[in-house]
Amino acid sequence: MRLVAAVLCLALCGCDSVHALFAPRTRTPAAPPEIAMGPWLLDPASGQATVAWTTAEPVKGRVWYLDDRLAQEETARTDHRVTLRSLPQDAEVRYRIEASPPVTGSFLTAPGPKSAFRVLVYGDNRTNGGDHALVARAAAAEGARLALHTGDMVVNAADDQLWDRWFSEEADLLLRTPLVPTLGNHEITDNGVSYSRYFKEPSRPAYHSLEYGPVHLVVLDSFETGAGADPHAGAVSDAQLAWVEEDLRGVPADKHVWVLVHQGPFAHPARMRPGHGGSERVRLAIQAGARRHPIEAVFAGHEHFYERGEVDGLRYFVVGGGGAPLEDPDPTFPTVESAHKALSFVTLDVCGCHVTGKAKDIAGRVLDSFTLSSCKEPCGAPLAAKGAP
């Protein structure tokens, strides 16, 4: 009897089903959640860029790049920002976000001082039907390396559905083009909460600056809530005025200096409304900065049309045809050099000491052409030649 029991025991011990009963249970790792919004690229700088996206469930964000490098967050969260570091200059970087399904994209890193590259300027989308989608699609086809947004992405920043739609319509562009936005008056309809969540570094105010190849970009906040701004009236603090002057104090003379702001120093709508036209406080900020370094151009929005002009040597642009209900500019005003009522955007081609640009509509028609900087040297010449006759 004992022999029979032993035989049965040996037989059962060799059975896979019995092993399964007594073997320790292994837990299958949970699949990463689906991406809810994004991705989008932020904070382009020499050697680094940040990948941002959101998920419905908290998870540690993980991004693979340059084939075998991994960048990841330390804690689980729903709003993700993962910085890719030690990036090569002037190169294409492919990245992959761990998600279900995984999302892959690529972008070109910050250029060198002699590299040729294109910059996109657009804004005032306001999620107006399909017009914003038409502008985003046409702009994405321009192959820009960097995108500057003049503000007013959605009409009501407290409406999550509008943000869902905005990111959906921008998806192709933001997947491969780092974005630098400025705060618009519609971004403070929720006191700037959503703007800070999606675009702003928590440790800095909405005004800041960055270096991008031969360009020094100053991003101003023309609706600074701490200075008393509301969605109907802008404000710029004395602290911001002092910061602009200090920021430009040490910028090398050969740099292209641009200013990005929502309500610019000048604008000339055919029908003036309260809170529109140029901002006196922004003019003061630009004058403060110009005392330290010449400002090549100011790019703004707020008015829903395209305008290019010059006042006392300052070249200014209103780029607000990104999808909001269009308005009529006043092309007869003495300082206005070009003005169009059109769904539109601007492209800037930079190469060393040369900067040229075009304003285009969504059909690709050129509305305006201009030169911001040129020199006797060919494209790719050292920036020291900038401004030479």
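One is the number of the first residue; the rest follow in order along the sequence. This one's a predicted model, so the numbers in the text were calculated from it and none came from an experiment. What's counted below: heavy atoms across the whole structure, side chains too, no hydrogens, waters or symmetry copies.
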All pairs passing side chain to side chain donor-acceptor pair (under 3.5 Å) where residues 34-44 contributes a residue, at least two apart: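 Those involving residues 34-44 do not exist here.
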
Are [X] and [Y] close enough for a salt bridge, meaning some N to O gap below 4.0 Å?
X: E224; Y: R281; value: no
X: E245; Y: R291; value: yes
X: R204; Y: E201; value: no
X: R62; Y: E73; value: no

Cluster partners of L367, using ILVMFWY side-chain heavy atoms under 4.5 angstrom, listed by chain and number?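 None; L367 is a cluster of one.
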
Just to verify, what does Y212 make a ring pair (Phe, Tyr, Trp, His ring centres under 6.0 Å) with, not counting sequence neighbours?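 By the ring pair (Phe, Tyr, Trp, His ring centres under 6.0 Å) rule, Y212 matches F117.
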
F317: partners by ring pair (Phe, Tyr, Trp, His ring centres under 6.0 Å), with sequence neighbours left out: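 For F317, the residues satisfying ring pair (Phe, Tyr, Trp, His ring centres under 6.0 Å) (neighbours in sequence not counted) are F299, F370.
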
Report yes if some heavy atom in the side chain of Q240 is under 4.5 Å from a heavy atom in the side chain of D221; otherwise report no.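 The answer is yes, as the side chains (C-beta and beyond) meet within the 4.5 Å cut-off.
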
State whether the number of non-hydrogen atoms from other residues, nucleotides or ligands found under 6.0 Å of K200 atom NZ is greater than 12.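 Yes - once you tally the heavy atoms of other residues, nucleotides and ligands closer than 6.0 Å, there are more than 12.
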
Check this for me: R249, atom CZ, are more than 12 non-hydrogen atoms of other residues, nucleotides or ligands nearer than 6.0 Å?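 Buried by this count: over 12 neighbours within 6.0 Å.
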
Among side-chain atoms of [X] and [Y], is any donor-acceptor pair under 3.5 angstrom?
X: D247; Y: H216; result: yes
X: D361; Y: S344; result: no
X: H262; Y: N185; result: yes

Show the numbers, then the answer: is there a side-chain hydrogen bond (donor to acceptor under 3.5 Å, both in side chains) between H80 and T55? CA-CA 8 Å; H80 306 282; T55 51; 2.8 Å; yes

Criterion ring-ring contact (aromatic ring centres under 6.0 Å, His included) on F305 and H340, from CA distance to verdict: CA-CA 6 Å; F305 51 72; H340 296 274; over 10 Å; no

Out of curiosity, S279 OG to L284 CG, how far, rounded to the nearest 0.5 Å?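 CG of L284 is found 8.0 Å from OG of S279.
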
Output all residues satisfying side-chain hydrogen bond (donor to acceptor under 3.5 Å, both in side chains) with R273, sequence neighbours left out; order by chain, then residue number.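 Only H276, E327 meet the side-chain hydrogen bond (donor to acceptor under 3.5 Å, both in side chains) criterion with R273.
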
V154 and F345: same hydrophobic cluster, using ILVMFWY side-chain contacts below 4.5 Å?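 Shared cluster, yes.
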
Contacts table for residues 161-168: side-chain donor-acceptor under 3.5 angstrom, sequence neighbours left out:
| residue | atom | partner | partner atom | Å |
| --- | --- | --- | --- | --- |
| W163 | NE1 | A157 | O | 2.9 |
| W166 | NE1 | N125 | OD1 | 2.8 |

